[in-house]
Enquirer: 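Below is a structure I'd like to ask you about.
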Amino acid sequence: MSGAENEGGLDLSGLWQGIYSYPSKRKPIAFSATLTETGFHLVGTSQEIGTFGDANGQVLGASLDGRRSGRSVTWLKLYHGTWRRYDAVHYSGEVSTDGNEISGTWTIPGNWSGNFLMIRAGGGTEEEMLEAFATISVPARR
């Protein structure tokens, strides 16, 4: 569907660059994602480099499955493979009015959570992303 056919005139389909934080003093982690939006449904994939345990330095792929309602989005991220300490992750966030940024929180139920920011590919440099990420006011919890 085109953006005009999707709710609110938005279409999140495309390539995204993102960053997420841990609820500790670890450095934020960069990732890339590809989203396809059809109606209210979002599907996609993401890639990042593992930073601890047996996944340290490995490329980690994941599947994304969720929905958008207006400017609110939710999806479940399921990592491919069997990496210890990398589990199903719930994402919940808000899309900017221009449809080029998504920010919110990620949660591993009963475990921990943090913040995330996604910007459409080509929408900013890594430095600009880090500056924007520093302004996210959603608190992370442990």
Side-chain angles (χ1 to χ4, degrees), residues 1 3 5-142:
M1 286 187 160
E5 295 169 319
N6 282 333
E7 182 185 358
L10 294 174
D11 186 347
L12 302 182
S13 299
L15 301 175
W16 295 80
Q17 297 299 316
I19 192 166
Y20 67 85
S21 68
Y22 287 107
S24 62
K25 295 188 184 232
R26 293 178 189 232
K27 286 178 29 178
I29 305 299
F31 66 93
S32 62
T34 301
L35 295 177
T36 301
E37 181 175 0
T38 304
F40 306 110
H41 194 215
L42 292 170
V43 294
T45 59
S46 68
Q47 285 192 330
E48 65 194 76
I49 303 297
T51 59
F52 54 86
D54 55 347
N56 191 34
Q58 302 294 316
V59 175
L60 304 179
S63 297
L64 310 174
D65 188 16
R67 62 180 289 118
R68 180 177 64 80
S69 177
R71 290 185 27 230
S72 296
V73 293
T74 59
W75 65 81
L76 180 64
K77 176 181 180 180
L78 294 172
Y79 283 97
H80 304 159
T82 55
W83 304 102
R84 288 183 332 185
R85 301 175 74 182
Y86 287 88
D87 203 348
V89 183
H90 296 266
Y91 281 74
S92 178
E94 293 291 320
V95 180
S96 64
T97 55
D98 66 4
N100 290 320
E101 291 187 13
I102 306 170
S103 62
T105 59
W106 61 266
T107 305
I108 299 174
N111 197 353
W112 55 344
S113 68
N115 301 324
F116 78 93
L117 171 67
M118 295 170 60
I119 298 175
R120 283 196 193 268
T125 66
E126 184 174 343
E127 183 177 312
E128 290 169 332
M129 282 191 66
L130 287 169
E131 287 175 14
F133 187 70
T135 66
I136 295 175
S137 60
V138 179
R141 69 179 193 286
R142 201 169 229 281

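Since this is a predicted model, take the numbers as computed values, not measurements.
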Enquirer: Could you give the distance from CG (L15) to OG1 (T34), rounded to the nearest 0.5 Å?
Expert: 4.5 Å
Enquirer: What residues form a side chain to side chain contact (heavy atoms under 4.5 Å, CB included) with I108, not counting sequence neighbours?
Expert: V89, W106, N111, W112
Enquirer: Could you report the tightest heavy-atom contact between F52 and R26, atom names first, then the distance?
Expert: CD2-NH1, 2.7 Å
Enquirer: Quick one: does any side-chain atom of E101 pair with a main-chain N or O of S96 as donor and acceptor, under 3.5 Å?
Expert: no
Enquirer: Would the distance check show the side chain of S13 and the main-chain N or O of E37 forming a donor-acceptor pair, the cut-off being under 3.5 Å?
Expert: yes
Enquirer: Please round to the nearest 0.5 Å and tell me the distance separating atom OG1 of T38 and atom CG of L12.
Expert: 11.0 Å
Enquirer: So which atom in S113 and which in T107 form the shortest heavy-atom distance, rounded to 0.1 Å?
Expert: CB-OG1, 3.7 Å
Enquirer: With sequence neighbours left out, write down each residue that passes side-chain hydrogen bond (donor to acceptor under 3.5 Å, both in side chains) with S72, or none if nothing qualifies.
Expert: E94
Enquirer: Specify the closest pair of heavy atoms between N100 and D98, including all atoms of both residues, with the distance to one decimal.
Expert: N-OD1, 2.9 Å
Enquirer: Can the ring centroids of Y91 and W16 be said to lie less than 6.0 angstrom from one another?
Expert: no
Enquirer: Identify, with sequence neighbours excluded, every residue that meets side chain to side chain contact (heavy atoms under 4.5 Å, CB included) alongside R67.
Expert: F40, T74
Enquirer: Testing W75, F31, Y20, Y22 for ring pair (Phe, Tyr, Trp, His ring centres under 6.0 Å) with F116, which one passes?
Expert: W75
Enquirer: Which pairs with one or both residues in residues 54-66 pass side-chain hydrogen bond (donor to acceptor under 3.5 Å, both in side chains), sequence neighbours excluded?
Expert: H41-D65, S63-H80
Enquirer: Would you mind telling me which of T51, I49, L60 makes a side chain to side chain contact (heavy atoms under 4.5 Å, CB included) with I29?
Expert: T51
Enquirer: Taking M118 as the fixed residue, which of I19, V73, L35, V95 is the one that meets the side chain to side chain contact (heavy atoms under 4.5 Å, CB included) rule?
Expert: L35
Enquirer: Counting N and O atoms only, with roles assigned by atom type, does the side chain of R68 sit under 3.5 Å from a partner on the main chain of L10, one being a donor and the other an acceptor?
Expert: yes
Enquirer: Could you tell me which residues satisfy side-chain hydrogen bond (donor to acceptor under 3.5 Å, both in side chains) with T45, sequence neighbours excluded, listed by chain and number?
Expert: none
Enquirer: Tell me if a side-chain donor or acceptor on S21 pairs with a main-chain N or O of G114 at a distance below 3.5 Å.
Expert: no
Enquirer: Quick one: side-chain hydrogen bond (donor to acceptor under 3.5 Å, both in side chains) partners of Y79, sequence neighbours excluded?
Expert: E48, K77
